[in-house]
Amino acid sequence: MALAFCGDEGNSTAYNVDHGVLNNGCFVDALNVVPHVFLLFITFPILFIGWGSQSSKVHIHHSTWLHFPGHNLRWILTFILLFVLVCEIAEGIVSDGVSESRHLHLYMPAGMAFLAAITSVVYYHNIETSNFPKLLIALLFYWTLAFITKTIKFVKFCDNGVGFSQLRFCLTGLLVVLYGMLLAVEINVIRVRRYVFFKTPKEVKPPEDLQDLGVRFLQPFVNLLSKGTYWWMNTFIKTAHKKPIDLKTIGKLPIAMRALTNYIRLNEAFEAQKNKRPSSPQGSGSIWRALCCAFGRPLLLSSTFRILADLLGFAGPLCISGIVHNTKILGVFFISSQEFLSNAYVLAVLLFFALLLQRTFLQASYYVAIETGINLRGAIQTKIYNKIMQLSTSNMSMGEMTAGQICNLVAIDTNQLMWFFFLCPNLWAMPVQIIVGVLLLYYLLGISALIGAAVIIVLAPVQYFVATKLSQAQRSTLEYSNERLKKTNEMLRGIKLLKLYAWEHIFHSSVEETRQKEMTSLKSFALYTSISSKSFSFFIHYSQHACLCLGCFAGAATNYCYFCLSVFSQPLKVVNRKRPAREDWNNYTSHTRRPINITELDDFCVKITNGFFTWTPEGPPALSNIDIRIPQGQLTMIVGQVGCGKSSLLLDDPFSALDIHLSDHLMQEGILKMLREDKRTVVLVTHKLQYLPHADWIIAMKDGYIQREGTLKDIQKSETELFEHWKTLMNRQDQELEKTTIETKTVLERTNLRRTMYSREALLKDDEEDEEEATESDDEDNLSSVLHQRAKMPWRLLKHTVMVAIDYCLARWTSDVFNHSPYSKIFSILCCLGIVLCLVTSIAVEWTGLKVTKKLHASLLNKIILAPMRFFETTPLGSILNRFSADCNTIDQHIPATLECLSRSTLLCVSALAVISYVTPMFLIALVPLAIMCYFIQKYFRVASRDLQQLDDSTQLPLLSHFSETVEGLTTIRAFRYEAKFRQKLLEYTDSNNIASLFLTAANRWLEVRMEYIGACVVLIAAVTSITNCLYSKLSSGLVGLGLTYALMVSNYLNWMVRNLADMEIQLGAVKRIHGLLKTEAENYEGLLSSSQIPQNWPDRGEIQIQNLSVRYDSNLKPVLKHVNAHISPGQKIGICGRTGSGKSSFSLAFFRMVDTFEGRIIIDGIDIAKLPLQTLRSRLSIILQDPILFSGTIRFNLDPEKKCTDSMLWEALEIAQLKHVVKALPGGLDAIVTEGGENFSQGQRQLFCLARAFVRKTSIFIMDEATASIDMATENILQKVVMTAFADRTVVTIAVSTVPTVPTLGAALECEISVPPLSADWINVAQRLQQA
């Protein structure tokens, strides 16, 4: 075949210039080549010699980047120009026909223009990034020449009568407009930047963000092409494959995305709403309006991208329909648009470009929505934090707002709000898709399409109803999950008490009961999910059955509508799920801390006159008729009994848990020297009355009011009885200080050395455990293998086989339009079978997963609650709680869905490629390079995704911890005026978490764009090979449509497969972490003695024999007690005293086998406790710990969780603990509510409740481990007398930080770690005196 620019057909008409050179079409086309050759000739040396050589040596840093005026418009116009030029090339090729020679002038100029357009944008990008605008003069000349030559061609078309009916005329007119607009953009750059034709050019600096070398998130600053394809992420993804990603790698956030910037924007929107409606209350409506005002514009942009993508999505079915029905080639010189679109190859190319554009718009919509959600999340978290800083502490202490609720608000609700913004465009995009899809079906299929529309109308309310039920199920799941986590948190925080009291089974049953409710909700959620996603198979069945054999478009379009409906339900779930979060927000915006104005009058820095204070606005006053004055620059002490109102002033005794030496040292060196000499105003609440002589001002409280204030001399004169009572207590405390054994320097050094060795050994052990976990992580996890079995269910493969058979049947049916009966029956049977298999498979998979997770949680709870105390002392509580919260949530809800989606997408992808290969075997040749590309893309992505996901999780933990620490230490932060520091820390944590989330989002979009583009290539190759086979091998149109329909979905399948593979890799880490905890060795609860060998009332006498006892906290650590020998007779009252860290608590724990007794033994009433079952031993003894622990619930539950005692027994215990009058005054009495941690009671009252709890047990051995540390001396005296009378016949072992006159000392022997001889007769005499006291 001959080849010539103007053709070679034996005549000279193509070269005839008799009517003028410009009237020769071939010459005009040749003239149009000149501008493109000029640009290529001018720019290639600069690109390849200049920047090409530089780029190989020096990387131009982004600190020089900027955007010239009209940057985005230039890129948009260039993209449109490239598309029009492709159409011009295609039009030239199609119109050239099948003549003997080729007329190159019909398409070669357009090809040169295409190369020139690409060169122009590359050239412009390099000039822009290097900020050297003078070189843009070349583009100015190019656009001018291109505009002139194309205008000449357009004018000559008009002169020769070529009009709008010819496609070439329309394309030429479009090119004239585009070149003219690009020329105008270039002139505007000269006007603004003044780089030529002006004496003084305008210097422009890059954005402030880019000048900061720490900013590495470049999405807002790159060009439009890089934004759309995430090309700037290439370097980052490749770097992640070489070394792990950390916070230093991802750098800092751009200013516009930082939490402070977005908080200011949101706050301004809130203020604007307040100003608009100053009289109306600020409810949820104003909150939504403020959110939309602050972040509505990017959401509108996202919605625009989404609608464009959805409309372009219909190009696929339309092009497939055209390809199936128009497999022919035209051969004329001038063709119309209709004739151009009748060419199957043209439709294949147009389908390819439509897919590229549609996927780009779709990913852009996703990115903008998620970025907006992340910015919103940062603003909301900052807003919540600032609200916390203004909260009244009554909100926390009265249980109206707990730390768990705030953490849920920050960790869950803000994320849900972020995802709502992501799914929000579906609310209006999906109805648009459905309406357009039905209209197109009606256009192609006629009245039969209305049957499918009717099914949509009928099933839409059903889908909404199912979605509502789904959201209700999820809401109840979240409620039960929160309740379970709350109980688990309390269980872990009080695990020491639970083990000492043998109450593990009670809290284990409580958590399991809540877990069972949660599993019931999860089963309902799984059922509704299956129905929601599978019920619309009915729609596919009936709509396609009604459409019969009316073309392949029906299958593609109805599948598309089905996808729209299934996705449309997702934002409905989120909308319904938002209601609790919004209610939390409404509750959260109330009860803020009232501002306190501190006025300085005379020499007093604080003065309160006639003050009444309540914890809640409706509650009774906790403080009444308060008149106090705090002198400026002096030491003021506040004293009073437990419950007198000291804590209601936000104050507690800081010396309560310290021994007498340490508290005296802090008093002398810290308060009297550092603070007092510095003229600081000091307010000290204390029970240690020996410090009263140091006070400049004393405030005595009683029953919620001020009993007396003044100097010590004033009180001595006016309140003689009160002063004498104080004097008695002060003398006792002074004697206590004098009689305490003075520690030598050698003992202190040895104690410090011992602690240092313990910490080092513990650290080495932790390192060894980490290495073991790293080694064991490679082992096969049995539970993981169980989860993997779900992917191998035989009916899953059967289901996909049926689905492919349905599509194949439909393809055959469309090829045999005159024989409906057999196809109709087979199609109906297969559809019904597919519906049943889809529903059964989905429910079976979900419920199988829930069965596994139920076992996993039960095993984890059993292992943790039976673990030795050393495990809880060496493992952070947050780490254990994360296994029950985040990891269990991942296994409950994420892994089943991810595994289902992974297996489904893998089978769909394989089946799609198999169908395409069956239809067109030539496709297999092109499949190899595409598969290689997919392999490397997913390989690089999975590494980066795993690191970024872990970084996202790891940066969230400090953020949540900061919120929790702020809530718990709110009074301290306010007292030290550290609000600004903590706010700044919050902004840093929030920005770190947000930058990790943004990079993860960008990485996901990077993958999806590339997979979508590979999918578009698959469609193009499948279309071209199918058309070729149809033209030359007589392939049926039905099979062509089947292959192309499957090809359209390949990109989605590839995306889902790679994303779910990466997600599954990360999520299985939760299973491995839980499995690591399952290897924890439990305590040996079994004993050598059976229940029949243990007396029912053991121990009935309370005799204790300690023989050569040596204990340690772990087998790898040194002993804390060595060779201790002692004998405690029945009914004795024994004291164990010593300095902090001397081993007193370890001695008490040895009675309960909470520490490792590696030598010696303890015999109680003739039975070696090592032979007893742990449950029996611990249930027969009583102990009161130093730290008061109360659980949320009622007072009755805290005193008697086993429900063994009558009300009279409980009231008796409360009376012994001096709490009867307090509880009677509460609403409900014994059933009065105790908030989380007992925050609605003072520290001293909580200690007294713990005393009452121990009294309830009525065991013959009673151990008090510094139980009165938080109690004032007067109350302690009363309690000691009560203990001596109420427990006259019981053995009482009291542990104290210091010596009291009436208690003998064992502490010196214990802390020196030497042998302790059996108790002598002096001990017995002292005990007798104690009994007589």
Note to self: Please evaluate residues Asp991 and Arg258 with respect to the criterion salt bridge (charged side-chain N to carboxylate O under 4.0 Å, His left out), reporting the C-alpha separation (whole Å), side-chain torsions for both, the decisive distance (0.1 Å), and the verdict.
What the structure shows: CA-CA 6 Å; Asp991 287 343; Arg258 292 176 186 171; 5.1 Å; no
Next item on the list: Test Ser481 against Asn889 for side chain to side chain contact (heavy atoms under 4.5 Å, CB included), laying out the working first.
Entry: CA-CA 9 Å; Ser481 176; Asn889 181 62; 5.6 Å; no
Item checked: Check against side chain to side chain contact (heavy atoms under 4.5 Å, CB included), Ile287 and Phe270 -> CA-CA 7 Å; Ile287 294 174; Phe270 269 110; 4.0 Å; yes
Notebook entry, point to check: Is there a side chain to side chain donor-acceptor pair (under 3.5 Å) between Ser997 and Asn994 once you walk through the steps?
Noted result: CA-CA 5 Å; Ser997 300; Asn994 285 353; 5.1 Å; no
Notebook entry, point to check: For Ile384 and Ile380, what are the C-alpha separation, side-chain angles and deciding distance, and is it a side chain to side chain contact (heavy atoms under 4.5 Å, CB included)?
Noted result: CA-CA 6 Å; Ile384 292 173; Ile380 290 289; 3.8 Å; yes
Note to self: Assess the residue pair Gln956 and Asn415 against the criterion (side chain to side chain contact (heavy atoms under 4.5 Å, CB included)); give the C-alpha distance rounded to whole Å, side-chain angles, the decisive distance to 0.1 Å, and a yes or no.
What the structure shows: CA-CA 11 Å; Gln956 191 179 30; Asn415 275 304; 3.5 Å; yes
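Smallest separation of non-hydrogen atoms from Ile388 and Phe963: CD1-CD2, 3.6 Å. The minimum heavy-atom distance between Tyr263 and Ala379, with the atom names listed, is N-CB, 3.8 Å. Residues Phe217 and Pro254 approach most closely at O-CG, 3.7 Å, considering heavy atoms. Here the shortest heavy-atom pairing between Ile973 and Glu979 reads CG2-N, 3.8 Å. Phe872 and Ile864 make their closest contact through CZ-O, 3.0 Å (heavy atoms, listed as atom of the first residue, atom of the second, distance). Between Leu253 and Val215, the closest heavy-atom pair is O-CG2, 4.2 Å.
Between Ile250 and Leu948, the closest side-chain pair of non-hydrogen atoms falls below 4.5 Å. Inter-residue side-chain proximity for Leu1190 and Phe1249 is flagged as met; some heavy-atom pair is nearer than 4.5 Å. Contact check for Lys486 versus Ser1192: side-chain heavy atoms found under the 4.5 Å cut-off. Considering only heavy atoms from C-beta on, Phe999 stays 4.5 Å or farther from Ile245 through its side chain. The shortest distance between side-chain heavy atoms of Leu1077 and Leu860 falls below 4.5 Å. With a 4.5 Å cut-off on side-chain heavy atoms, Phe295 and Arg265 count as touching. Side chains of Ile1074 and Cys888 form a contact here, defined as non-hydrogen atoms less than 4.5 Å apart. Side-chain contact between Ile995 and Arg216: absent, with no pair of heavy atoms (C-beta onward) separated by less than 4.5 Å.
To the nearest 0.5 angstrom, Thr477 atom OG1 is 9.0 Å from Leu470 atom CG. To the nearest 0.5 angstrom, Lys387 atom NZ is 14.5 Å from Thr382 atom OG1. Atom OG1 of Thr372 sits about 6.5 Å away from atom CG of Leu299, to the nearest 0.5 Å. How far CE of Met418 is from CG of Leu423: 10.0 Å, rounded to the nearest 0.5 Å. How far CE of Met257 is from OG1 of Thr261: 11.0 Å, rounded to the nearest 0.5 Å. The OG1 atom of Thr972 lies 8.5 Å from the CZ atom of Phe982; values are rounded to the nearest 0.5 Å.
Using a 3.5 Å distance cut-off with no hydrogens or angles, the side chains of Thr990 and Asn993 do not pair a donor with an acceptor. Side chains of Ser302 and Ser365: a donor on one and an acceptor on the other come within 3.5 Å. Checked by atom type, the side-chain pair Tyr366/Asn1004 shows no donor-acceptor distance below 3.5 Å. Donor-acceptor pairing under 3.5 Å is lacking for the side chains of Tyr989 and Thr955.
In this structure, the side chain of Arg680 does not engage the main chain of Ile671 through any donor-acceptor pair within 3.5 Å. Between the side chain of Ser961 and the backbone N or O of Pro958, no donor-acceptor pair lies under 3.5 Å. A side-chain donor-acceptor contact under 3.5 Å links Arg1246 to the backbone of Phe1241. Although no hydrogens or angles enter the test, the distance criterion places no donor-acceptor pair under 3.5 Å between the side chain of Arg484 and the main chain of Val511. A donor-acceptor pair is defined here as one N or O able to donate and one able to accept, closer than 3.5 Å; no such pair exists between the side chain of Asn262 and the backbone of Gly378. Listed for the Thr1235 side chain is a donor-acceptor partner under 3.5 Å among the backbone atoms of Asn1240.
Under the rule for a salt bridge (charged side-chain N to carboxylate O under 4.0 Å, His left out), the partners of Glu988 that lie at least two apart in sequence or sit in another chain are Lys985. Remark: Gln219 engages Trp232 in a side-chain hydrogen bond (donor to acceptor under 3.5 Å, both in side chains) (not counting sequence neighbours). For Asn375, the side-chain hydrogen bond (donor to acceptor under 3.5 Å, both in side chains) criterion is met by no residue, not counting sequence neighbours. Applying the side chain to side chain contact (heavy atoms under 4.5 Å, CB included) test to Thr890 and every residue at least two apart in sequence or in another chain returns His894, Ile895, Gln1067, Ala1070. Applying the salt bridge (charged side-chain N to carboxylate O under 4.0 Å, His left out) test to Arg297 and every residue at least two apart in sequence or in another chain returns nothing. Partners of Thr514 by side-chain hydrogen bond (donor to acceptor under 3.5 Å, both in side chains), not counting sequence neighbours, listed by chain and number: Lys487.
With ring centers used as reference points, Phe305 lies 6.0 Å or more from Tyr367.
Comment: Glu490 does not engage Arg493 in a salt bridge, judged by the lack of any side-chain N to carboxylate O separation of less than 4.0 angstrom.
In this structure, Lys981 is not positioned above the aromatic face of Phe976 in the sense of NZ or CZ being under 6.0 Å from the six-membered ring centre and within 45° of the axis.
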